[in-house]
Each structure stands twice: as structure tokens, then as C-alpha cells.
Amino acid sequence: MFAPRAKGERRYWLIKSEPDVFSFDDLMQAPQRTTCWDSIRNSGARNFLRDGMKVGDRCFYYHSNAEPSAIAGVCEVVREGYPDHTAFDPSHEYYDEKSDPAMPTWFMVDVKAVAAFKTLVTLPQIKADPALAEMALLRVSRLSVVPVTADEWAHVCALGGVKV
DNA sequence: GCCAACGTTGGC
DNA sequence: GCCAACGTTGGC
């Protein structure tokens with residue numbers, strides 16, 4: 001499903017969160033500026049979490065359902081694909097009785113904040129930018145983890161005022 | 001708050 | 001295996 005990597009190759013992703021639930025600032029203020037990216041219950045996003053994302057990959061942190069919806073900063077994968085334990089916890093909001101700990105359905109990664117954008121890169125701005133017209137964010141609807149190309153990565157970082 | 005776009009579920 | 005009903009995401 002995922003092409004083998006060249007040695008040392010870094011890939012890029014975009015992860016979505018509603019800032020009312022967990023914002024980029026929340027991540028910056030978390031212990032070690034790190035959190036587990038749990039509770040994803042969509043099989044497409046799960047495949048990226050389980051198989052696609054590797055330690056050292058970088059992610060845009062996108063605020064969905066926000067005013068404005070925008071990319072707020074950059075984070076890094078610090079632990080790759082492991083079972084999402086919230087699926088096994090009957091008291092958890094996203095408990096999934098069908099997920100068997102011996103063969104888990106859902107996976108998560110840990111991400112660490114790297115840098116906040118100096119200026120938000122908003123959804124309208126992304127839509128209006130010809131260089132970003134092919135972003136998976138725009139083409140694949142309602143997926144909470146999507147890939148980003150190296151060109152898109154560099155372009156958005158420049159817009160955000162971050163050198164990464 | 002509305003609703004379009006999808007993914008998932010379940011009856012048949 | 002088809003497909004209608006339902007649930008969720010997320011822009012507007």
C-alpha cells in the first residue's frame with residue numbers, strides 16, 4: 001500500500017483537530033509538547049496512522065470546524081503506529097467493542113509540536129492558491145489524516161512563516 | 001444549524 | 001452482493 005522509502009526519506013501529512021477539542025496551542029502546552037493522536041475511527045485515516053506515518057515524519061496541524069479553519073503549525077511523529085487503547089476502554093467515548101486487543105482495529109501515533117505558524121494558513125487561502133489546488137485536504141473529503149507532498153509542504157511552510 | 005459527501009451497517 | 005438507512009465530518 002505504501003511505496004518503500006529511500007533511506008532517511010521523510011514524508012509529510014496533515015492531521016485535523018477541532019481546536020475546541022484540542023488545539024495546536026494545547027499541544028504546545030502539553031507535557032513534552034507531545035500527545036497521542038487517539039480516537040480516530042475511520043479506516044482510511046487508520047491506514048495512514050498504522051502503515052504510512054513513520055518516526056521523523058512531519059505533519060501540519062489543521063484546525064477544522066474553526067473560525068477560520070486553518071493550518072496552525074507543524075508537529076512531528078515521535079512514535080509510530082501502535083494500537084489505540086481508547087478503543088478497548090468501555091468507559092471511553094470512542095470505545096469499540098469490536099476492536100480485539102489481540103488484533104486491534106484502530107491505531108494511533110504520538111506527535112510532538114515543532115513550531116507554530118507565524119501566520120495561520122487558512123482554508124480559503126489554500127483554495128485560492130494554484131500551487132495548492134491538488135492538496136489531498138481539498139480533494140479527499142472528511143478524512144482526518146491526509147498525505148501532503150514535499151512541494152506542498154515547502155509552499156505552506158513559507159506561507160506560514162516557518163522554516164522547516 | 002443546515003446539509004453534502006461519504007463510510008458503515010444491516011435487511012434481503 | 002446490492003442498496004437504503006443511518007451516522008459522521010466539516011464547510012458554510
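In the text below, chain A, chain B and the rest are named by the order of the sequence lines, each starting its count at 1. Computed from a prediction, not measured in an experiment: that's the story for all the values here.
Rounded to whole angstrom, the span from the CD atom of A/Glu67 across to the P atom of C/dG10 amounts to 16 Å.
There is a side-chain donor-acceptor pair under 3.5 Å between A/Tyr82 and A/Asp110.
Checked against the 6.0 Å centroid threshold, A/Trp153 and A/Phe60 count as a close aromatic pair.
Shown here are the side chain to side chain donor-acceptor pair (under 3.5 Å) partners of A/Asp26, two or more places apart in sequence or in another chain: A/Ser23. Shown here are the side chain to side chain donor-acceptor pair (under 3.5 Å) partners of A/Trp37, two or more places apart in sequence or in another chain: there are none.
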Where do N or O atoms of nucleotides 3-9 of chain B meet protein N or O atoms at under 3.5 Å, pair by pair?
| from | atom 1 | to | atom 2 | distance (Å) |
| --- | --- | --- | --- | --- |
| B/dA4 | N3 | A/Arg142 | NH2 | 3.2 |
| B/dT8 | OP1 | A/Ser43 | OG | 2.9 |

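No option in A/Trp13, A/Tyr12, A/Phe107 other than A/Trp13 meets the ring pair (Phe, Tyr, Trp, His ring centres under 6.0 Å) test with A/Phe48.
As judged by a 4.0 angstrom heavy-atom cut-off over every strand, A/Tyr94 is placed among residues making no nucleic acid contact.
Residue A/Lys127 places at least one side-chain N or O under 4.0 Å from the OP1 or OP2 atom of C/dC12.
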